[in-house]
Amino acid sequence: MESNRYKKYDLHSHSIASDGELTPAELVGYAHSCGVEVLALTDHDVTDGYDEAAVEAHKLGLEFIAGVEISVTWGKHLLHIVGLNFDVENAALQAGLADLRQQRTGRAEEMANRLAKLGIEGALEGAQAYVNGPILSRTHFARFLFENGHVKTMQAAFDRYLGDGKKAYVASEWTSLAQAVEWITTAGGYAVIAHPARYKLSATKLRLLFDEFKQMGGAGLEVISGRQDIKVTKNMTDYAKKYELRASIGSDYHGPSQAWSNMGQMPPLPEACQPIWGLWQD
Ligand code: AMP
Ligand code: MN
Ligand code: MN
Ligand code: MN
C-alpha cells in the first residue's frame, strides 16, 4: 500500500564492522531515536554486523533490511554499489566479499609504506588500532593521521594523503560492476549505485554508467544521499526515470564525529520516484 512510501527509510549506514563508529546495536538504537522506521546497515565489503543489528531492531520494532556496500572498480573509477534485501548467508556473495577484504590487507600495507616514505612511521599498526571488525579502511588511516597530529582534521587526511591521486593513495583493483551486481542479485537482493553524484563523473560518463548498470541487472540509484543539494536530487530523479531505475535513500551515516551526515534528517523521495522498496513489497 502507498502509505509505506512515507515511512522514514534510511538504506545506507555504517557500524564498527567497517568504518563506522557505533556498534551495530548502538547504530540501530540511534536510528530509532532519530525516527528512522526502516534501516539497512551497509558496511563496506562485510555483513558481520547483521545479526546484532537485526536483534536490536526486532526489540525496538524497527524494520531491518540486509545491506552491504561493495567496492567496485569501473574503468579508472572507484564506485560503491549498495546491495539491499539479500540472503546474508549466500555463499557466492560471502566468498566475493571475503576476497575484497583480502585485497584491503595488501593495499593497507602499501599505503603504510607510502606514508613511511613521507616520514610517517607506524601507520599500519596505528590504523589497525582503530579497527573493530574484519576490514581495514582509509577511514582508519585517517583517524590515525588525525589523532597523531599529522593532519588537523579527518578531511585533511584525505585531502593530503589518502584521497584519490594523493600522496599515499593506492589504486586498487576491486571487483567489477557486473560481478558486484551478480553477487547481489543471485543472493536475491537489489543492486543500487551509492551516492552517484560523489564520483565527479561527467554527464556522459554518468549516463554510460547508468546504461551499463541497468543492462547488467542493476536495480536502483541513491536519489538522495545524506545532506545534498536539491539540484542533485532533481538531477538524480530525472536519471532514475530515464534509465528506469528505482530510487533509494540513505544517510551514509558513519557516527557522531562525522558531522556531514546525520540520521533522520533527509527529506522524503520526490513523488516522481519509484522507491526501491517497492521491489520487495509489491
Ligand atoms: P576505503 O573503502 O578503505 O577506500 O575507504 C573509503 C571510506 O573513506 C569511505 O567510505 C568514506 O567513509 C571515507 N572517505 C572517503 N573519502 C573521504 C573524504 N574525502 N573525506 C572523509 N571521508 C572520506
Ligand atoms: Mn565509509
Ligand atoms: Mn560510499
Ligand atoms: Mn557508505
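Just follow the structure's listing: the first ligand is 1, and inside any ligand the first atom is 1.
- With hydrogens left out, the protein atom closest to atom 19 (N) of ligand 1 is Gln155 NE2, 3.3 Å, a heavy atom.
- Ranking protein heavy atoms by distance to atom 15 (C) of ligand 1, first place goes to Phe158 CE2, 3.3 Å.
- Looking only at distances, a side-chain donor or acceptor of Asp45 sits under 3.5 Å from a matching main-chain atom of Ser71.
- His80 contributes ND1 as its N, O or S atom closest to the Mn ion (ligand 3).
- Scanning the protein heavy atoms around atom 2 (O) of ligand 1, the nearest turns out to be Arg104 NH2, 2.8 Å.
- Checked against Trp183 for a side chain to side chain contact (heavy atoms under 4.5 Å, CB included), the options Asn90, Val68, Thr175, Ile81 give a single hit: Thr175.
- Residue contacts with ligand 1: His80 is placed with no nitrogen or oxygen under 3.5 Å of a nitrogen or oxygen of the ligand (distance criterion only).
- Hydrophobic clustering, with ILVMFWY side chains joined whenever heavy atoms are under 4.5 angstrom apart, groups Val192 together with Val38.
- Using a cut-off of 2.8 Å, one finds that His12 contributes no N/O/S atom close to the Mn ion (ligand 3).
- Of all protein heavy atoms, the one lying nearest to atom 6 (C) of ligand 1 is Arg138 NH2, 3.8 Å.
- Minimum-distance N/O/S atom of Glu69 relative to the Mn ion (ligand 3): OE2.
- Inclusion of Gln258 in the set of residues having an N or O under 3.5 Å from an N or O of ligand 1 is not warranted.
- The nearest N, O or S atom of His254 is not closer to the Mn ion (ligand 4) than 2.8 Å.
- Some N or O of Thr139 is nearer than 3.5 Å to an N or O of ligand 1, by distance alone.
- Ligand 1 is approached by Arg107 to a heavy-atom distance shorter than 4.0 Å.
- Look at Arg107 and Glu110 and you find no salt bridge, because none of the NZ, NE, NH1 or NH2 atoms lies under 4.0 Å from a carboxylate O.
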